[in-house]
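Comments concern the structure below.
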Amino acid sequence: FLVSASIQSIIAQRLVRKLCSECSEEYEPLDEEIRSIGVDPSQVVGVKFRKACGCRACEGAGFHGRIALFETFEMDSHLREMTFREESLKDITEAAKGSGMLQALIIDGARKVLGGVTTVEEVLRVTRSNHGEIA
């Protein structure tokens, strides 16, 4: 009861490496790669992804700095009631996704890949569970 009554929203973050602005290169992603970050390939026709290369500026790493991926969960009255009734995490998560109250890490990661900030591999590294499922 106390948890469901007091939470307004929850924010989680994971850090991913940012591509080096000096040496990253564009490439044409495969459809499988686009799907792996939860994006429909038909929605991003002609969009180029970027990959790490390595130069003196990034000391050969291809990355320089980090940026956060954010997951946000906003509590509404329906989700509050589900929490109060101690419904399963799976049911609460599905209801939050359905009502638009949950933005998953993978969604923010996809935005940052499409914006040329990081790579698909980086996003998948921090959003996949130990079992290979997207968290």
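- A salt bridge is absent between E25 and R50; no separation between the charged side-chain nitrogens and carboxylate oxygens falls under 4.0 Å.
- Distance OG/S9 to CE/M101: 9.0 Å, rounded to 0.5 Å.
- In terms of heavy atoms, A52 sits closest to T119 at N-CG2, 4.3 Å.
- Atom CD in E22 sits 9.5 Å away from atom OG in S24 (nearest 0.5 Å).
- Around NZ of K112, the count of heavy atoms belonging to other residues, nucleotides or ligands within 6.0 Å exceeds 12.
- Pairing each heavy atom of D31 with each of P41, the nearest pair is OD1-CB, 3.5 Å.
- The shortest heavy-atom contact between P29 and V47 is CD-O, 3.7 Å.
- To the nearest 0.5 Å, the span separating CG on D76 from CD on E81 amounts to 11.0 Å.
- Here side chain to side chain donor-acceptor pair (under 3.5 Å) pairs that include residues 95-106, with residues two or more places apart or in two chains, are Q103-R111.
- A 4.5 Å side-chain heavy-atom check between E71 and I106 finds every atom pair outside the cut-off.
- L19 approaches G116 most closely through the heavy-atom pair CD1-O, 3.8 Å.
- For the side chain to side chain donor-acceptor pair (under 3.5 Å) criterion with Y27, the lone passing option out of E33, K48, K51 is E33.
- Separation of atoms CD1 (I37) and OG1 (T127) is listed at 9.5 Å; rounding is to 0.5 Å.
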Contacts table for residues 60-67: side-chain donor-acceptor under 3.5 angstrom, sequence neighbours left out:
none

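- Other residues, nucleotides and ligands contribute more than 12 heavy atoms inside 6.0 Å of the CD atom of E26.
- More than 12 heavy atoms of other residues, nucleotides or ligands lie within 6.0 Å of CZ in R85, so this atom counts as buried by the packing criterion.
- Enclosure of atom CD in E28 by more than 12 non-hydrogen atoms of other residues, nucleotides or ligands within 6.0 angstrom is indicated.
- For the atom pair CG (L102) and OG1 (T93), the distance works out to 6.5 Å, reported to the nearest 0.5 Å.
- The two residues A95 and L79 come nearest to each other via the heavy atoms CB-CD2, 3.8 Å.
- For E122 (side chain) and R17 (main-chain N/O), a donor-acceptor pair under 3.5 Å exists by modelled atom type.
- The two residues L69 and L105 make their nearest non-hydrogen contact at O-CD2, 3.4 Å.
- When atom types are taken as modelled, the side chain of D108 and the backbone of F70 share a donor-acceptor pair closer than 3.5 angstrom.
- Using a 4.5 Å heavy-atom cutoff, the side chains of F73 and I11 are not in contact.
- Note that CD1 of I7 is 8.5 Å distant from CZ of R80, once rounded to the nearest 0.5 Å.
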